[in-house]
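Report on the structure given below.
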Amino acid sequence: MKIHILLVITSLTFGFHEKVVSSPSTGPYNAIFNFGDSLSDTGNFLASGALSYPVIGKLPYGQTFFNRSTGRCSDGRLVIDFIAEAYKLPYLPPYLALTKDQNIHPGVNFAVAGATALDTKFFIAAGLGKFLWTNNSLNIQLGWFKKLKPSLCTTKLDCNRYFQRSLFVVGEIGGNDYNYAAIAGNITQLQATVPPVVEAIKTAINELIAEGARELLVPGNLPIGCSALYLTLYRSGNKEDYDGNGCLKSFNGFAEYHNKELKLSLKTLRQNNPHARILYADYYGAAKRFFHAPGHYGFSSGALRACCGAAGPYNFNISARCGHIGSKVCADPSTHANWDGIHLTEAAYRYIAKGLIYGPFSYPPLKTSLYKIP
């Protein structure tokens, strides 16, 4: 079976002045806390210094909305940014770039590009250590949250009140666990990695609930068989390998398998934690719409070709990726769903976010938002 590369590519307590929320929002959520990888990283990878000169730290990344690079792996906003907008909360600051006097009560982002659900030792044991972009796995991100928690609330009562009106977004995470193995060519046991990846996500959710989380949104994987990266690297001369949208069946099938296992795990979590709302975010279904009918969503340049890249049928070249020498950016990213061959454009993330916030791609649905995303 052909397997894919999935999307991507302190012990001290912070001394913030406020301890509890003094002026709660009138909306359903006072704060958002996010964990994940490059689909939702708002600057942690950049702040970590993992690479001296990462391309996501310069234009054209960020050109559409921020007019500068922010560490987001897109031309503009991500799904997590649109969720924050919908509930009239600020964009989530990256944990690694927080300052002492910063107001963190509206939420913090712990996601890191390249992050994995499983800990680093798993990949080292599998001989994949050299492929890791970062060692800031989901478990490390949870540790950051726990260190920050005393700066958010002090007593158990304060924490319960605060977190009852906080949204915890756990993922998308897990894609890179498959990514590193696929890059290395270790694909024979890749399907067997799904259960431990899902178990790691389940463990993280249980830990967050134990810390006081009461509403958690857990995204599944995107239809990565429609990604320019996979379409380029696994290009096939066999028409049977493609579906009617031009996407690779086996890659999408693998993403669906991961999502099926994740949903089964969430079902168990709901049964064991009736006091918490555990929502599944169907990224696959929300995105499949514009891969099926790109023109209907304004993607006049299609959904399979990257906006920023170099040559090839999908405008993706591994040796001249977006931001590297030889790459070019399209005139209008909003006409593309794919940004750099790996990640999506702001326009595509907007449609996914709207599908989650206004339905029908969150199960059960998110609470009613204060602001209508256009």
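Sequential numbering from 1 along the given sequence is applied to the chain's residues.
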From Y351 atom OH to F82 atom CZ, the distance as rounded to the nearest 0.5 Å: 10.5 Å
Within 6.0 angstrom of R161 CZ, more than 12 heavy atoms from elsewhere: no
Sequence neighbours excluded, every pair satisfying salt bridge (Lys or Arg N to Asp or Glu O under 4.0 Å) that has a member inside residues 188-206: none
Set of residues satisfying salt bridge (Lys or Arg N to Asp or Glu O under 4.0 Å) with respect to E207, sequence neighbours excluded: K146
Listed pairs under 3.5 Å, donor-acceptor, residues 297-312 side chains, sequence neighbours left out:
unit_1, atom_1, unit_2, atom_2, d
S301, OG, T335, OG1, 3.0
R305, NH1, G312, O, 3.4
R305, NH1, P313, O, 3.1

D41 side chain to G43 backbone, donor-acceptor under 3.5 Å: yes
Pair up each side-chain donor or acceptor in residues 279-287 with any protein partner under 3.5 Å, not counting sequence neighbours, and list the distances.
unit_1, atom_1, unit_2, atom_2, d
D282, OD1, Y284, N, 3.4
D282, OD1, G285, N, 2.8

Audit row: T42, N109, side chain to side chain donor-acceptor pair (under 3.5 Å) steps and yes/no: CA-CA 7 Å; T42 56; N109 195 346; 3.0 Å; yes
Qualifying residues under salt bridge (Lys or Arg N to Asp or Glu O under 4.0 Å), relative to E211, sequence neighbours excluded: K149
Identified side chain to side chain contact (heavy atoms under 4.5 Å, CB included) partner of I83 from the options I373, N34, I357: I357
Side-chain donor-acceptor pair present, S137, D119, cut-off under 3.5 Å: yes
Disulfide (SG to SG under 2.5 Å): pairs with one or both residues in residues 343-374, sequence neighbours excluded: none
Heavy atoms of other groups near K249 NZ, more than 12 under 6.0 Å: yes
Pairs involving residues 307-320, ordered by first then second residue, that meet side chain to side chain donor-acceptor pair (under 3.5 Å) (sequence neighbours left out): N317-S319
Selection residues 56-72 - residue pairs positive for salt bridge (Lys or Arg N to Asp or Glu O under 4.0 Å), sequence neighbours left out: R72-D81
CG on N338 to OG1 on T345, rounded to 0.5 Å: 8.0 Å
All side-chain hydrogen bond (donor to acceptor under 3.5 Å, both in side chains) counterparts of S48, not counting sequence neighbours: none
Spacing of L89 atom CG and L167 atom CG [to the nearest 0.5 Å]: 9.0 Å
Heavy atoms of other groups near L157 CG, more than 12 under 6.0 Å: yes
Donor-acceptor under 3.5 Å (Q141 side chain, G36 main chain): yes
Pairs where residues 208-246 contributes a residue and the test disulfide (SG to SG under 2.5 Å) is met, not counting sequence neighbours: C226-C247
Salt bridge (Lys or Arg N to Asp or Glu O under 4.0 Å): pairs with one or both residues in residues 352-370, sequence neighbours excluded: E215-K367
Main-chain N/O of G57 paired to S69 side chain as donor or acceptor, under 3.5 Å: yes
Side chain to side chain contact (heavy atoms under 4.5 Å, CB included) partner of F110, chosen from L138, I140, L148: L148
Point-to-point distance, once rounded to the nearest 0.5 Å, from CG of N136 to OG1 of T120: 8.0 Å
Disulfide (SG to SG under 2.5 Å) contacts in which one or both residues fall within residues 39-80, not counting sequence neighbours: none
